[in-house]
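Following: one structure in structure tokens, then a few remarks.
These values consider heavy atoms only, across backbone and side chains, with no hydrogens, waters or symmetry-generated copies. Because the structure is a prediction, the values reported are computed rather than measured.
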Amino acid sequence: MKYLAEFRDPERVRHSVAELARVTTQQWTVMEICGGQTHAIVRYGLDQLLPQGIELVHGPGCPVCVTPIEEIDQAIAVALLPGVTLCSFGDMLRVPGTDTDLLQARAQGADVRVVYSPLDAVELALAEPERDVVFFAVGFETTTPASAAAALRAKQLGIANFSLLSSHVRVPPAMSAILSSDECRVDGFLAAGHVCSVMGSAEYEPLCDRYQVPIVITGFEPLDILQGLLACVKQLEARAATGAAVHVENQYTRAVRESGNVHAQALVNEVFERAPRNWRGLGSIEQSGFELREGYAQLDARRRLQLEMPSLDPQGKAAASPCIAGRVLRGLEKPADCPCFARECTPETPLGAPMVSSEGACAAYFQHRGRSSQEAAR
């Protein structure tokens with residue numbers, strides 16, 4: 001139970017909440033950048049324990065949720081091609097595209113399969129050489145090394161019927177986009193510990209210096225989150241009182257090092273290069289995505305299948321949807337603010353990705369608070 005029970009200890013939680021109340025003198029808004037943290041916050045009701053001056057908002061911390069609708073449409077189009085098997089993680093199958101989702105495409109005859117690892121898709125390509133196996137790769141810095149390992153293995157084995165439809169993204173450019181927005185109301189961040197265990201804490205330092213916002217790398221248990229929040233608020237209060245500079249702070253020392261996982265980073269750098277990427281709710285962000293390098297072009301599904309990215313119709317169904325996922329992902333509104341929450345939009349009938357994904361903010365509110373959270377928001 002080490003590293004778990006002590007981070008759920010009620011007495012230590014109460015002490016941290018009391019300390020937060022003691023040090024807080026004004027209103028602060030802090031964003032967590034991880035769907036796992038969002039679920040922990042809602043599950044344990046941490047946001048309801050906080051002093052009145054502190055508000056937690058939920059950012060683009062779910063990779064399924066930030067995958068833009070046109071890339072969902074592209075994956076569906078790939079799945080419907082004859083002779084193609086499209087593989088992905090289970091959450092992706094029910095994310096709505098413009099007209100349908102991958103699960104419905106499978107019902108129409110497309111060969112869509114759930115895998116638990118990109119390497120499973122490589123093994124599938126080996127087992128079924130007559131099929132063209134495409135892995136729809138989503139995720140942040142945490143899961144990109146696994147896709148890189150799959151690409152490397154496929155290249156080493158000379159597998160000709162495997163490719164990646166890469167939608168991998170990087171977290172720091174998205175945080176920069178949020179901070180650059182005129183709508184931004186974020187004073188500080190709780191950064192995701194698992195992402196930083198790969199990328200290291202040092203990558204956040206330029207962001208912290210440029211925008212003068214504290215960034216505290218935080219774990220996923222209740223005490224992790226409260227300790228991270230306390231460290232963040234202390235920095236904000238010191239900046240307000242004395243003009244002290246803010247900095248990157250690591251609460252999750254049991255897993256995160258300044259340099260991160262250099263072996264995983266080397267693997268990613270061998271296979272991928274940084275590129276612009278479109279995010280749901282945030283638009284196109286420079287250097288925020290991972291594309292396969294030229295040396296791995298034969299594994300790039302977009303090149304291999306000569307795919308063109310579907311364009312969004314600004315007057316189309318997506319634009320007309322009442323779903324406020326984009327505003328939720330930017331921390332401007334919360335799931336219960338949506339008039340469709342727990343009514344037209346439920347996990348069985350989702351209007352947007354945050355209600356589908358196991359890490360989505362809307363799914364967290366629905367799972368742990370249900371309709372009561374919508375009524376409380378009124």
Checklist entry - Would Glu71 and Arg277 count as a side-chain contact (heavy atoms from CB on, under 4.5 Å) if you check the C-alpha gap in whole Å, the side-chain angles of each, and the deciding distance to 0.1 Å? => result CA-CA 11 Å; Glu71 294 191 8; Arg277 177 67 66 192; 3.1 Å; yes
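- In this structure, Gln212 and Ala245 approach most closely via the heavy-atom pair OE1-CA, 3.7 Å.
- For an aromatic pair to be called close, the ring centres must be under 6.0 Å apart, and Phe7 with Phe220 fails this.
- At distances below 3.5 Å, at least one donor-acceptor pair connects side-chain atoms of His39 with backbone N or O atoms of Gly360.
- No side-chain donor-acceptor contact under 3.5 Å links Gln27 and Glu55.
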Checklist entry - Could you walk me through whether Phe272 and Ser147 pass the side-chain contact (heavy atoms from CB on, under 4.5 Å) check? => result CA-CA 10 Å; Phe272 291 103; Ser147 292; 4.2 Å; yes
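- Listed for the Ser163 side chain is no donor-acceptor partner under 3.5 Å among the backbone atoms of Val134.
- A side chain to side chain contact (heavy atoms under 4.5 Å, CB included) with Leu50 is found for one member of Leu226, Val30, Ile41 and no other, namely Leu226.
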Item to check | Residue pair Glu294, Arg303: steps toward the salt bridge (charged side-chain N to carboxylate O under 4.0 Å, His left out) verdict | outcome: CA-CA 11 Å; Glu294 194 64 33; Arg303 298 192 193 190; 3.0 Å; yes
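- Under a 3.5 Å cut-off, the side chain of Asp47 and the backbone N or O of Leu56 do not form any donor-acceptor pair.
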Checklist entry - Between Arg14 and Glu19, does a salt bridge (charged side-chain N to carboxylate O under 4.0 Å, His left out) hold up when you go through it step by step? => result CA-CA 9 Å; Arg14 281 191 286 270; Glu19 184 65 5; over 6 Å; no
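- Nearest heavy atom pair, residue Ser197 against residue Val256, reads N-CG2, 3.8 Å.
- In this structure, the ring of Phe140 has its center no less than 6.0 angstrom from the ring center of His194.
- Using a 3.5 Å distance cut-off with no hydrogens or angles, the side chains of Ser201 and Asn250 do not pair a donor with an acceptor.
- Remark: side-chain polar atoms of Asp73 are paired, donor with acceptor, to backbone N or O of Thr98 under 3.5 angstrom.
- In this structure, Phe135 is a member of the same hydrophobic cluster as Leu103, with clusters built from ILVMFWY side-chain heavy atoms closer than 4.5 Å.
- Here the CE atom belonging to Met92 is positioned 13.5 Å from the SG atom belonging to Cys87, to the nearest 0.5 angstrom.
- For the side chain to side chain contact (heavy atoms under 4.5 Å, CB included) criterion with Met355, the lone passing option out of Cys340, Pro350, Cys65 is Pro350.
- Using a 4.5 Å cut-off on side-chain heavy atoms (C-beta onward), Thr143 and His168 make contact.
- Using a distance-only test at 3.5 Å, with no hydrogens or angles considered, no donor-acceptor pair links the side chain of Arg327 to the main chain of Cys323.
- Both Ile76 and Val133 belong to a common hydrophobic cluster when Ile, Leu, Val, Met, Phe, Trp and Tyr are linked at side-chain heavy-atom distances under 4.5 angstrom.
- Listed for the Glu291 side chain is no donor-acceptor partner under 3.5 Å among the backbone atoms of Glu273.
- Interatomic distance, CD of Glu258 versus CD1 of Ile217, reported as 9.5 Å (0.5 Å rounding).
- Taking every heavy atom of both residues into account, Phe162 and Ala121 meet most closely at CE1-CB, 3.7 Å.
- To the nearest 0.5 Å, the span separating SG on Cys34 from CD1 on Ile225 amounts to 8.5 Å.
- The two residues Leu49 and Val17 make their nearest non-hydrogen contact at O-CG1, 3.2 Å.
- At most 12 heavy atoms of other shown residues, nucleotides or ligands fall within 6.0 angstrom of atom NE2 in His15.
- Side-chain N or O atoms of Lys155 include one that pairs as donor or acceptor with a backbone N or O of Gly295 at under 3.5 Å.
- Partner of Val356 under the side chain to side chain contact (heavy atoms under 4.5 Å, CB included) criterion, chosen from Val95, Leu351, Leu93, Asp101: Val95.
- Between the CG atom of Leu102 and the CG atom of Leu80 there is a distance of 8.5 Å, given to the nearest 0.5 Å.
- Checked against the 6.0 Å centroid criterion, the rings of Tyr204 and His247 do not qualify as a close aromatic pair.
- Distance alone, capped at 3.5 Å, is enough to place a donor-acceptor pair between the Ser288 side chain and the Ile285 backbone.
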Next on the checklist: Run Val112 and Phe136 through side-chain contact (heavy atoms from CB on, under 4.5 Å) and show every step you take.
Outcome noted: CA-CA 10 Å; Val112 178; Phe136 186 21; over 6 Å; no
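- Between the side chain of Thr67 and the backbone N or O of Pro63 there is at least one donor-acceptor pair closer than 3.5 Å.
- Applying the salt bridge (charged side-chain N to carboxylate O under 4.0 Å, His left out) test to Arg113 and every residue at least two apart in sequence or in another chain returns Asp111, Glu128.
- None of Ile33, Thr218, Ile215 except one satisfies the side chain to side chain contact (heavy atoms under 4.5 Å, CB included) rule with Leu190; the exception is Thr218.
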Checklist entry - So Thr85 and Arg131, side-chain hydrogen bond (donor to acceptor under 3.5 Å, both in side chains) or not? Walk me through it. => result CA-CA 6 Å; Thr85 296; Arg131 304 288 299 176; 3.0 Å; yes
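- A distance-only check finds a donor-acceptor pair linking the side chain of Gln37 to the backbone of Gly219 [under 3.5 Å].
- The distance from atom NE2 of His263 to atom CG of Leu267, rounded to the nearest 0.5 Å, is 11.0 Å.
- Each of Glu359, Glu32, Arg43 was compared with Thr38 under the side-chain hydrogen bond (donor to acceptor under 3.5 Å, both in side chains) criterion, and only Glu32 meets it.
- Residue Tyr44 is grouped with residue Leu223 when hydrophobic side chains (ILVMFWY) are merged at heavy-atom distances under 4.5 angstrom, including chains of intermediate members.
- Both the sub-6.0 Å distance and the 45° axial angle are not jointly satisfied by Arg293 relative to the ring of Tyr296.
- With 3.5 Å as the limit, one finds a donor-acceptor pair spanning the side chains of Tyr211 and Ser176.
- Note that CD of Gln367 is 9.0 Å distant from OG of Ser358, once rounded to the nearest 0.5 Å.
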Checklist entry - Do Glu203 and Arg274 pass the salt bridge (charged side-chain N to carboxylate O under 4.0 Å, His left out) test, and can you show the C-alpha distance, the side-chain angles, and the key distance before you say yes or no? => result CA-CA 14 Å; Glu203 192 165 338; Arg274 298 176 181 182; 3.7 Å; yes
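- Donor-acceptor pairing under 3.5 Å is lacking for the side chains of Asn278 and Ser284.
- Met31 and Ile324 fall into different hydrophobic clusters, where Ile, Leu, Val, Met, Phe, Trp and Tyr side chains are chained together by heavy-atom contacts under 4.5 Å.
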Checklist entry - Can you check side-chain contact (heavy atoms from CB on, under 4.5 Å) on Ser259 and Gln265, steps first, answer last? => result CA-CA 10 Å; Ser259 58; Gln265 293 166 16; 5.8 Å; no
Next on the checklist: Determine whether Thr25 and Glu237 satisfy the following criterion, side-chain hydrogen bond (donor to acceptor under 3.5 Å, both in side chains), listing intermediate values before the conclusion.
Outcome noted: CA-CA 7 Å; Thr25 67; Glu237 291 284 347; 2.6 Å; yes
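- In the hydrophobic clustering of this structure, Leu126 groups with Leu86; members are Ile, Leu, Val, Met, Phe, Trp, Tyr whose side-chain heavy atoms approach within less than 4.5 Å, directly or through other members.
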